[in-house]
Asker: 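The structure is given below, and queries will be raised subsequently.
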Amino acid sequence: MTTITTPLITTSSRSTALHNTPRDGYDACKTDDDDVVDLEIDAYSSSSEDDGDDTSQNNNISQQILSLATPALVSLAIDPLMTIADTAFVGRYSAPNDPYPLAGLGSAAALLVFSFYVFNFLATATAPLVAKARASKDEAGAKLVGGQALTLALVLGTALTLTLLIFREPLLHVMGTGVTGVEADHYGEQFLTVRALAAPAVLICSASNGILRGYLDTKTPTIILLGSNVINLLLDVVLVAQLKMGPQGAGIATTVAEWIAALCFLGVLAGKLPSADGKNIGSNTKPSESGNIVPVFELPKWMDIRPLVVASSAVFLRSIVLQVAMSSAAAMAARSSAESDIITAGASSSVAAHQIALQLWLLCSFLCDALATASQALVADGIGREDAESVRTVSQTVFSWGLALGLSLSAILWVGTESNFLTDFFTADEGTRLELTKLLTIVILAQPLNSFVFAADGVLQGAEEFPYQAKSMALSVLTAFAVFSALEYTPLLGASDGDTLVHVWLGLIALQSMRALTSFVKLIEKQGPIDLLGLGKQAS
């Protein structure tokens with residue numbers, strides 16, 4: 001059997017017994033030489049298989065999706081849980097009917113999410129480069145890419161810290177604190193000043209996660225991030241609940257937890273700490289070469305770092321466009337009560353409600369993104385083998401799981417809303433609770449749409465459709481702004497109701513809807529890499 005290597009999945013030679021054993025569909029094996037999980041699709045699948053074989057193959061594909069998505073789900077969900085914890089503690093332990101601490105945290109958090117997320121290419125671009133080098137037995141090359149990614153994380157993180165500290169006042173005003181009032185501005189500046197110090201740590205964690213994914217290790221990041229969340233939670237209890245330090249205490253808790261996580265990642269990559277399986281990174285090759293992935297403290301040549309920079313460009317552009325939309329939504333939420341008689345209180349309640357709803361939205365999105373991680377790997381493998389039927393089957397199975405996940409999330413959020421658990425958990429401020437109730441309905445109804453969008457993202461990323469996705473995101477953001485403007489400024493469409501916050505969220509729904517539409521167009525394209533409906537197959 002001919003074996004191939006894809007950026008995220010390594011296949012290697014099997015024993016004679018495996019070669020002589022008829023198999024179909026996906027098969028997960030552990031090899032003796034690299035001690036990592038390999039995913040292989042048998043080239044012997046044929047159209048003559050009966051219904052029982054098809055059912056078995058589909059079940060096997062589902063198992064492979066779950067085996068990849070489950071650790072990814074845990075790892076992806078852990079990071080937003082840290083902000084969820086900060087939001088909950090600040091909201092619950094602020095003075096009654098005082099929305100300003102949460103409003104300040106909300107504006108600062110939106111700025112930080114934008115600032116950190118645009119550098120997620122440190123993970124998404126690093127992982128395939130490391131995996132490709134490692135799979136080709138170029139351990140030195142894999143570690144060189146890893147070292148470059150860590151260096152880039154340190155440089156960009158330091159620059160980001162300085163930028164956030166120097167320009168914190170105008171940046172916060174852009175995010176709406178100039179409207180929410182002096183108190184909210186004060187709390188936002190406190191939170192941002194402390195959290196800005198964690199920028200290098202956050203980017204180191206991102207790059208390290210990409211490196212470990214390149215070594216097919218998803219357990220180590222999960223353990224490290226889980227530990228950092230426990231630390232953050234304990235510090236929130238002490239600093240926010242007990243010492244009443246508000247957003248500043250929440251910022252200290254998160255910053256300390258993120259630096260501990262970054263140091264743990266660096267320790268594992270440098271071979272000073274063991275990974276989740278008790279071994280050093282790279283120990284499957286030569287003991288003398290194991291565990292020495294460290295930042296490269298020298299100016300690299302352009303040809304050496306070019307693959308890392310080029311591979312990240314489309315992802316960076318797409319992230320920028322998305323985060324501009326999300327940050328603009330937060331800023332508009334701050335201005336949603338600017339015309340009322342109680343400007344600062346109303347605006348602060350809107351920002352606080354937007355912050356809570358947005359964190360729930362992002363948490364659900366990260367859960368859906370676990371399917372994207374699984375589909376990316378499996379689709380890339382099928383395309384690399386030129387097995388169109390397998391690519392189509394994987395894609396269809398991923399979307400089935402996505403629909404189930406979206407409906408489940410909607411049901412969970414509905415129960416939490418109807419029981420008042422979510423509003424009671426996050427805030428005691430009546431104004432914030434009133435605004436939040438309106439937004440939760442939108443968040444609930446949007447979950448099936450979100451799950452489709454993220455599943456489609458993974459499938460198209462597996463097909464390396466990054467430029468198309470960047471263009472799709474730009475079109476989607478323009479659509480969102482057009483819908484918001486129409487609702488906000490056209491009397492016949494709702495301008496008279498003055499509910500800017502709801503209009504902001506309907507704009508976000510428009511963004512996701514356009515992402516879904518443009519993704520679907522590419523997915524069903526006859527000559528496209530996926531051909532989800534098999535139209536090209538029928539034509540031939």
Side-chain angles (χ1 to χ4, degrees), residues 4 6-9 25-26 39-41 57-58 60-70 72-73 76 120 123-125 127-128 131 213 311 314-315 318-319 322 364-407 447-473 475-476 511-537:
I4 61 166
T6 64
L8 294 180
I9 304 173
Y26 289 83
L39 299 174
E40 185 174 329
I41 306 176
Q57 180 181 3
N58 289 336
N60 207 6
I61 292 174
S62 293
Q63 292 174 2
Q64 295 301 330
I65 291 172
L66 290 178
S67 69
L68 287 172
T70 301
L73 185 151
L76 289 167
N120 72 338
T124 55
R213 279 169 52 192
V315 180
R318 183 169 172 270
S319 299
L322 177 61
C364 292
S365 297
F366 275 110
L367 295 177
C368 295
D369 206 22
L371 282 177
T373 300
S375 58
Q376 182 187 38
L378 297 176
V379 168
D381 188 90
I383 290 178
R385 292 169 44 78
E386 299 183 358
D387 189 347
E389 188 63 34
S390 293
V391 170
R392 187 159 41 249
T393 302
V394 167
S395 301
Q396 292 170 348
T397 306
V398 165
F399 287 121
S400 297
W401 277 103
L403 177 61
L405 178 59
L407 293 175
Q447 292 314 304
L449 174 64
N450 280 353
S451 65
F452 174 83
V453 168
F454 280 94
D457 274 354
V459 171
L460 293 176
Q461 287 167 7
E464 299 183 8
E465 292 287 344
F466 296 112
Y468 179 86
Q469 287 186 298
K471 296 174 184 176
S472 169
M473 183 63 73
L475 176 61
S476 299
L511 182 145
Q512 291 296 81
S513 298
M514 182 55 68
R515 289 179 67 188
L517 177 60
T518 53
S519 295
F520 185 71
V521 169
K522 176 59 69 172
L523 289 168
I524 65 172
E525 194 176 65
K526 289 183 180 180
Q527 304 303 320
I530 308 300
D531 188 18
L532 185 66
L533 302 180
L535 300 178
K537 179 181 178 182

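From a predicted model like this one, the values you see are computed outputs, not experimental measurements. Sequence positions, counted from 1, serve as the residue numbers for this chain.
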Asker: Taking atom CZ of F520 as the centre, report whether more than 12 heavy atoms of other residues, nucleotides or ligands fall under 6.0 Å from it.
Answerer: no
Asker: Of all residues at least two apart in sequence or in a different chain, which pass the side-chain contact (heavy atoms from CB on, under 4.5 Å) check with C364?
Answerer: L409, L413, Q447
Asker: Mind running side-chain contact (heavy atoms from CB on, under 4.5 Å) on L532 and Q396 for me, showing each step along the way?
Answerer: CA-CA 7 Å; L532 185 66; Q396 292 170 348; 3.7 Å; yes
Asker: side-chain hydrogen bond (donor to acceptor under 3.5 Å, both in side chains) with T518: which residues, sequence neighbours excluded?
Answerer: S472
Asker: So, for Q469 and L460, which heavy atoms are closest and what is the spacing to 0.1 Å?
Answerer: NE2-CB, 3.8 Å
Asker: What closest approach, in Å, do D457 and R515 show between heavy atoms, and which atom pair accounts for it?
Answerer: OD2-NH2, 2.6 Å
Asker: In Å and rounded to the nearest 0.5 Å, what is the OG to CD1 distance from S519 to I524?
Answerer: 11.5 Å
Asker: I'd like to know if D531 and K526 make a salt bridge, using a cut-off of under 4.0 Å between side-chain N and carboxylate O.
Answerer: no
Asker: Working to the nearest 0.5 angstrom, can you tell me the gap between N450 CG and C368 SG?
Answerer: 6.0 Å
Asker: About how many Å separate CG of L449 and CZ of F454, when rounded to the nearest 0.5 Å?
Answerer: 10.0 Å
Asker: Which heavy-atom pair separates S451 from G406 by the least distance, and what is that distance?
Answerer: OG-CA, 3.7 Å
Asker: Would you name the heavy atoms of Q512 and V453 that are closest together and state the gap between them?
Answerer: O-CG2, 3.5 Å
Asker: Looking at every heavy atom in both S476 and L511, which two are closest together, and how far apart are they?
Answerer: CB-O, 3.6 Å
Asker: Applying ring-ring contact (aromatic ring centres under 6.0 Å, His included), can you list everything that pairs with F399, at least two apart in sequence or on another chain?
Answerer: F452
Asker: To the closest 0.5 Å, what do you measure between CE (M473) and CE (M514)?
Answerer: 12.5 Å
